[in-house]
There are 2 protein chains.
Amino acid sequence: MKQVDEQEALLQLDNQLCFMLYACSRAVTKAYRPKLETLGLTYPQYLVMLVLWEWQRQPPEQASVKALGERLLLDSGTLTPLLKRLEQLGLVERRRAVHDERERVLALTEAGMQLKQQAASVPQTLLCESGVPAEEISRLRQELAQLLARVC
Amino acid sequence: MKQVDEQEALLQLDNQLCFMLYACSRAVTKAYRPKLETLGLTYPQYLVMLVLWEWQRQPPEQASVKALGERLLLDSGTLTPLLKRLEQLGLVERRRAVHDERERVLALTEAGMQLKQQAASVPQTLLCESGVPAEEISRLRQELAQLLARVC
DNA sequence: AGCAATTAAATTGCATACAATCTAATTTTA
DNA sequence: TAAAATTAGATTGTATGCAATTTAATTGCT
């Protein structure tokens, strides 16, 4: 009987870390949506732009799709069409690497660089609106980083 | 200069709680995939089954798509096709409510109920394989539940 | 009763995710 | 060096998510 109840408890939705992650991720993404709409970006597109803006200050070995995928934990099946859309938007260029024709070299256009100014207020604004203390967010972020390191 | 650096820091990918949630959610879902494949379920389908199994013990007012959506924070645009697939798999029935023809009454088939036995070991197994202490998972889950309550 | 407002699902359209496969370029190795 | 193995992206196919719209049924209101 005890066994059954324990098993029962393990299957309860509210006891599942995975569901909380899944629900929180979608909820937070949804909170971003209105802000990102003013930038003309979806959430995954915004993440890609964050990385490309970072790369301006700290250039990676190769600004390739592979490097981007390693940073965001996404594969070319997701990134290729997404990057094509950013290219269509005039934010990103997708050239071929000279030293290796297989490789794409990703680069920001002037417009892509400019957009950073508008994006700068997004995290700040959401942080405030959420009403969650900054230190709580920071702590949670660190705990999730640890979890991610273990799971991946 | 300080202003610029702070803004810079706020845009750093690793400083974004949202990215950690997004990455962790996908990573954990990926960890579930092989186990769920043996059940013939995707991860969202598994979540729906969790709710329906729960409803066997604690029936809701109405076992409707709406009630399911409130539990999982998903809308009919996602749930309708997903439920049709579960119906095709022979796990779920989608009848019409007698008292209100707009409403779908969701019910488990015999096979749907049986599947619970096989599913029972999934959370346990993953908990062990992850190597993350159970109490750490529990704490994180609670913190995320609080965050979810604030954001939603 | 009769019609407007509301509501539950379904549908449509677009953008991810991701496994699996394919293609082309580069490396390795016999 | 020439074929085999590897690698970077692209493509294909399936299943979400979700906003926006549509459809059908029910409620409210006069």
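For A:Leu68 and D:dA10, the CG to C1' distance is 15 Å, given to the nearest whole Å. A:Glu101 has its CD atom 12 Å from the P atom of C:dT27, to the nearest Å. In this structure, the CG atom of A:Leu82 is 15 Å from the C1' atom of D:dG17, given to the nearest Å. In this entry the distance linking CG of A:Leu47 with P of C:dA15 reads 16 Å, nearest Å. For the pair B:Asp75 CG and D:dA19 P, the interatomic distance rounds to 7 Å; values are reported in whole Å. Taking atom CG of B:Leu74 as the reference point, atom P of D:dA19 lies 11 Å away to the nearest angstrom. As a whole-Å value, the separation of A:Leu41 CG from C:dT16 C1' is 14 Å. Following rounding to the nearest Å, B:Leu36 (CG) and C:dC18 (P) show an atom-to-atom distance of 14 Å.
Distances shorter than 4.0 Å separate none of the side-chain N or O atoms of A:Tyr22 from OP1 or OP2 on D:dT16. Distances shorter than 4.0 Å separate none of the side-chain N or O atoms of B:Thr42 from OP1 or OP2 on D:dT14. Dashed line: the shortest gap from a side-chain N or O of A:Gln45 to OP1 or OP2 of C:dT16 is under 4.0 Å.
Here A:Thr78 lies in heavy-atom contact (under 4.0 Å) with a base. Nucleic acid contact for A:Arg85: base, since at least one base atom lies under 4.0 Å from a heavy atom of the residue.
Comparing D:dC18, C:dC18, D:dG17 against the side chain of B:Arg26 picks out C:dC18 as the nearest.
When all heavy atoms of A:Thr109 and A:Gly90 are compared, the closest pair comes out as OG1-O, 2.6 Å.
Between the side chains of B:Glu54 and B:Gln58, no donor N or O sits under 3.5 Å from an acceptor N or O.
Distance CG/A:Leu91 to CD/A:Gln88: 11.0 Å, rounded to 0.5 Å. If you take CZ on A:Arg150 and CD on A:Gln146, they are separated by 7.0 Å, rounding to the nearest 0.5 Å.
The closest donor-acceptor contact from the side chain of B:Ser64 to the backbone of B:Ala67 lies under 3.5 Å.
Using a cut-off of 4.0 Å between Lys/Arg side-chain N and Asp/Glu carboxylate O, A:Glu135 and A:Arg139 are scored as not salt-bridged. Residues B:Arg96 and B:Glu101 are not paired through a salt bridge, judged by the lack of any N-O separation under 4.0 Å between the basic side chain and the carboxylate.
Taking the six-membered ring for Trp and thresholds of 30 and 60 degrees, B:Trp53 and B:Tyr46 have ring planes more than 60 degrees apart, a perpendicular arrangement.
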Could you run down the sub-3.5 Å N/O contacts of the protein with nucleotides 21-23 of chain D?
none

Measure all distances between protein nitrogen or oxygen atoms and nitrogen or oxygen atoms of nucleotides 5-10 of chain C, and list the pairs falling under 3.5 Å.
| from | atom 1 | to | atom 2 | distance (Å) |
| --- | --- | --- | --- | --- |
| C:dT7 | O2 | B:Arg102 | NH1 | 2.6 |
| C:dA9 | OP1 | B:Val65 | N | 3.2 |
| C:dA9 | OP1 | B:Arg104 | N | 3.3 |
| C:dA9 | OP2 | B:Lys66 | N | 2.7 |
| C:dA10 | OP1 | B:Arg94 | NH2 | 2.7 |
| C:dA10 | OP1 | B:Arg104 | NE | 2.4 |
| C:dA10 | OP1 | B:Arg104 | NH2 | 3.0 |
| C:dA10 | OP2 | B:Thr80 | OG1 | 2.7 |
| C:dA10 | N7 | B:Ser76 | OG | 2.8 |

List the atom pairs, donor and acceptor, that lie under 3.5 Å between side-chain atoms in residues 19-30 of chain A and the rest of the protein, sequence neighbours left out.
| from | atom 1 | to | atom 2 | distance (Å) |
| --- | --- | --- | --- | --- |
| A:Arg26 | NH1 | B:Leu73 | O | 2.8 |
| A:Arg26 | NH2 | B:Leu72 | O | 2.9 |
| A:Thr29 | OG1 | A:Ser25 | O | 2.8 |

